[in-house]
Amino acid sequence: QAALLEVKELLEKTALGFGHSVIVELREVDADGARYKVSVVPGQAHSTSDLRLGLSLALAREGIAWGRPRAGGISP
């Protein structure tokens with residue numbers, strides 16, 4: 001399992017490719033995994049969809065597994 005700080009840094013670095021004023025917050029962590037919130041002011045040619053795709057590809061490239069939303073958890 002990837003270290004929490006390494007995942008945070010990957011999300012920050014990736015998000016910077018889509019805009020500026022990036023904030024990555026660790027919202028939840030437990031034995032099953034971690035949940036982060038990524039905020040970014042998008043660049044002119046980028047959409048929320050572009051950011052989600054970029055983050056998804058970066059996590060997959062690094063072999064970082066996806067979790068599942070928790071019932072009653074925080075919405076993206």
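All of these numbers come straight from a predicted model, not from anything done at the bench. Here, residue 1 is the first one in the sequence, and each next residue gets the next number.
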request  = Mind listing the closest non-hydrogen atom pair of Ala15 and Val40 along with its distance?
outcome  = O-CG2, 3.9 Å
request  = Give every residue pair that meets the ring-ring contact (aromatic ring centres under 6.0 Å, His included) criterion with at least one member in residues 8-39, sequence neighbours excluded.
outcome  = Phe18-His46
inquiry  = Do Val29 and Leu10 sit in one hydrophobic cluster, given that two such residues count as connected whenever their side-chain heavy atoms are within less than 4.5 Å of each other, even indirectly?
reply    = yes
ask   = Does Ile64 share a hydrophobic cluster with Leu16, counting links as ILVMFWY side-chain heavy atoms below 4.5 Å and allowing steps through other members?
value = yes
key: Arg35 side, atom CZ; Asp30 side, atom CG - distance, nearest 0.5 Å   = 9.5 Å
request  = Under the salt bridge (Lys or Arg N to Asp or Glu O under 4.0 Å) rule, collect the residues that match up with Glu12, sequence neighbours excluded.
outcome  = Lys8
Show which side-chain atoms of residues 55-63 pair as donor or acceptor with protein atoms under 3.5 Å away, not counting sequence neighbours.
{"from": "Ser56", "atom 1": "OG", "to": "Arg52", "atom 2": "O", "distance (Å)": "2.8"}

request  = Indicate if Val38 and Leu4 have the same hydrophobic cluster label, given that clusters are the connected sets of ILVMFWY residues with side-chain heavy-atom separations under 4.5 angstrom.
outcome  = yes
ask   = Gly54 and Thr14: which non-hydrogen atoms are nearest, and at how many Å?
value = O-CG2, 3.6 Å
